[in-house]
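Quick note: numbers below take in every heavy atom, side chains included, and nothing from hydrogens, waters or symmetry partners.
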2 protein chains.
Amino acid sequence: MTNTKILIVEDHRDVRDLLRDVLANDYQVVEAVDGVSALAKFNTEAPDLIILDLMLPQVTGESVLKTIRKTSAVPVLVLTAIQDKQKVVALLEEGANDYLTKPFDIDELLARVQVQLRQRTKPLNEQNKLTYGAIVLNPSDHQVVINGQKLPLPKKEFAILQLLLAHPKQVFTKENLYETVWGEPYLNAENTLNVHISNLRNKVNDLAGTPNKYIISIWGIGVRLV
Amino acid sequence: MTNTKILIVEDHRDVRDLLRDVLANDYQVVEAVDGVSALAKFNTEAPDLIILDLMLPQVTGESVLKTIRKTSAVPVLVLTAIQDKQKVVALLEEGANDYLTKPFDIDELLARVQVQLRQRTKPLNEQNKLTYGAIVLNPSDHQVVINGQKLPLPKKEFAILQLLLAHPKQVFTKENLYETVWGEPYLNAENTLNVHISNLRNKVNDLAGTPNKYIISIWGIGVRLV
DNA sequence: GCAGGTTATGATTAATTTATCAATTAAATC
DNA sequence: GATTTAATTGATAAATTAATCATAACCTGC
């Protein structure tokens, strides 16, 4: 059992069970049953590979892929019904790394998973600690350290900081940020998010000491680290 | 035509011709007709990707792959006859990056080639960076750098610059520009746009240093980069 | 069910961008 | 060179968006 983590996104229970069974021997497995939870899991779990069913309720696999590709190069292996084969070319161009048509051969699946993981030369020494400047965030024990001082953070603030640190310098629109952290549509929740950001920023700046504004707003666009 | 080089290893003349034809538009193509010449070409040409037929006279594709993998991680895309499918899993484990069964779909081939080549390209946030002269614009972190100096830009000005940089040298009519940036009809908003362009131009020229007028107006027509 | 912290909401204020106007300057046409 | 049309500029008003504060609602563990 490695510490390699695979996210399975599949709404059909039977397929999901099958995938989990065959992958669980060799990998850590996390699961999502629809597009929204897929994105949430993607952000919180930071998987090393994603197996993505195309046919999902509501948010389609395609749009999940697109969203993920905005911030990440994580390998994505798409599952597709045989009649979708025309779509596949477009999908590969949009960022999918490989695909399998259902029903798929288990051994081939495993082999293709291996191929994707092999490409990635991720230094496994540092777990999934996130660092930016003086900020160190460790998801596994839910702890943030800034300049050596511990900073206890409530869940939401932690999640926001984690998302920002996971994609440094990338601009997040308020909508984007809210939907991935809260996992629900951004409906005039503007102020809620603003308040959280404000609180988080104060705490971070307090410890960072420097007049460094780590979390800055880009007027009319969103928020990012600097 | 990029400077990306692909090595085709295929003994059948017709398949080889087909592959060359479809790839030659986008890539440099070198060819080998058997295992021995494949290894020779691999060493002398240093291709960025190899398309390898499994069924070769004398030295088989499998052993070519093995030999290559001793010294190189170059992406290898294997071509296989339909009845070899069982072999494929073993092959992927031995280091092949992908495979296609013959007869293959051209578009799928091209897409899979792209996928393999994409892995080596720049990190995502560098991907859609736009550059023109001393100007570098990065949409993902909403940042403009000119001669190494950051230039913060408001939304509209940023959008205008982005549009210009995306189509360098192309002339934009005022109407054109306004409608794509504002997303609404150009109804005597003439001055609004003019003011924005003027402001943007000043900021750009300030940092560009040179009397370089990056954004020039073409009298009576519109605006373009130079 | 209570006490702690956490999260959401609303009202207010501050900050910044965007639009508009008027006046000037520059370019083209004749 | 006079005239017309387009472009620039600076100033100012309007509109948007963000930050802050105080407070209420909500949980969660005890």
Side-chain angles (χ1 to χ4, degrees), chain A residues 40 142-144 150-164 171-206 211-226, chain B residues 142-144 150-164 171-206 211 213-226:
Chain A
H142 196 269
Q143 195 156 279
V144 177
K150 282 183 202 166
L151 172 59
L153 284 181
K155 247 188 303 198
K156 288 275 153 70
E157 290 177 23
F158 186 89
I160 292 170
L161 186 59
Q162 180 175 2
L163 184 56
L164 290 176
V171 180
F172 290 88
T173 65
K174 297 284 178 67
E175 185 177 2
N176 206 325
L177 224 144
Y178 186 88
E179 293 188 344
T180 53
V181 169
W182 270 256
E184 51 186 69
Y186 182 66
L187 219 89
N188 62 353
E190 182 165 336
N191 220 40
T192 300
L193 179 57
N194 279 337
V195 171
H196 280 279
I197 291 175
S198 171
N199 293 337
L200 176 59
R201 177 160 29 213
N202 285 337
K203 292 178 188 173
V204 169
N205 281 344
D206 277 2
N212 232 328
K213 287 190 69 178
Y214 272 105
I215 302 161
I216 67 157
S217 346
I218 309 214
W219 218 92
I221 308 287
V223 174
R224 69 174 191 125
L225 280 181
V226 97
Chain B
H142 190 80
Q143 196 158 276
V144 176
K150 284 179 200 166
L151 172 58
L153 286 181
K155 223 191 334 192
K156 288 271 153 70
E157 290 177 23
F158 188 91
I160 293 170
L161 186 59
Q162 181 171 7
L163 183 56
L164 291 175
V171 180
F172 289 88
T173 65
K174 296 286 177 66
E175 186 176 1
N176 207 325
L177 228 151
Y178 186 88
E179 293 188 344
T180 53
V181 169
W182 269 255
E184 49 186 70
Y186 184 64
L187 223 95
N188 63 350
E190 182 164 337
N191 220 43
T192 300
L193 177 57
N194 281 336
V195 170
H196 279 280
I197 291 175
S198 170
N199 292 338
L200 176 59
R201 181 172 12 229
N202 286 337
K203 292 178 188 172
V204 169
N205 282 343
D206 277 1
K213 287 190 69 179
Y214 272 105
I215 301 160
I216 66 155
S217 322
I218 311 217
W219 213 91
I221 309 287
V223 174
R224 69 170 196 138
L225 280 180
V226 96

task: Check the pair B/Lys203 / B/Glu157 against side-chain contact (heavy atoms from CB on, under 4.5 Å), numbers first and verdict last.
output: CA-CA 10 Å; B/Lys203 292 178 188 172; B/Glu157 290 177 23; 2.9 Å; yes
field: Close side-chain approach of A/Trp182 to A/Ile160, heavy-atom, < 4.5 Å
entry: yes
task: Send over the distance from B/Trp182 CH2 to D/dT16 P, rounded to a whole Å.
output: 15 Å
message: I want to check one thing: is the phosphate of D/dT20, taken as OP1 and OP2, less than 4.0 Å away from some side-chain N or O of A/Ser198?
response: yes
- prompt: OP1 or OP2 of D/dA6 less than 4.0 angstrom from a side-chain nitrogen or oxygen of B/Lys174, does that happen here?
  reply: no
message: For the backbone of B/Asn194 and the side chain of B/Ser198, can you confirm whether one donor and one acceptor N or O come within less than 3.5 Å of each other?
response: no
- request: To the nearest Å, give me how far apart CD1 (A/Ile215) and P (D/dT20) are.
  value: 12 Å
Whole angstrom value for the distance that separates P of D/dA7 from CD1 of B/Ile197: 9 Å
- line: To the nearest angstrom, the CD1-P distance between A/Ile160 and C/dA8 comes to 9 Å
- request: Output the single nucleotide from C/dA8, D/dA7, C/dT6 whose closest atom is nearest the side chain of A/Thr192.
  value: C/dA8
query: Atom CZ of B/Arg224 and atom CG of B/Leu177: how far apart are they, to the nearest 0.5 Å?
result: 14.0 Å
query: Tell me: CD1 of B/Ile221 to C1' of D/dA7, nearest whole Å?
result: 14 Å
A/Lys155 NZ to D/dC27 P, straight-line distance once rounded to whole Å: 11 Å
task: Round to the nearest Å and state the distance from B/Leu193 atom CG to C/dC21 atom C1'.
output: 16 Å
task: Check the distance between D/dA7's P and B/Ile218's CD1 and give it to me in whole angstrom.
output: 11 Å
task: Describe the nucleic acid contact of A/Ser217 in one word from base, sugar-phosphate, nothing, applying a heavy-atom distance below 4.0 Å.
output: sugar-phosphate
- request: Evaluate side-chain contact (heavy atoms from CB on, under 4.5 Å) for A/Lys174 paired with A/Val223, printing each intermediate quantity in order.
  value: CA-CA 7 Å; A/Lys174 297 284 178 67; A/Val223 174; 4.0 Å; yes
Between N or O atoms, less than 3.5 Å apart, protein on one side and nucleotides 10-16 of chain C on the other: list the pairs.
residue, atom, partner, partner atom, Å
C/dG10, N7, A/Asn191, ND2, 3.1
C/dG10, O6, A/Asn191, ND2, 2.9
C/dA11, N6, A/Asn191, ND2, 3.1

task: Determine whether A/Thr180 and A/Phe172 make a side-chain contact, defined as any pair of heavy atoms from C-beta on separated by less than 4.5 Å.
output: no
message: What contact category does B/Asn199 fall into here, base, sugar-phosphate, or nothing, at under 4.0 angstrom with non-hydrogen atoms?
response: nothing
message: Less than 4.5 Å apart, side chain to side chain, heavy atoms only: is that true for B/His196 and B/Leu200?
response: no
message: With a 4.0 Å limit, can you tell me whether A/His196 has a side-chain N or O closer than that to the phosphate oxygens OP1/OP2 of C/dA8?
response: yes
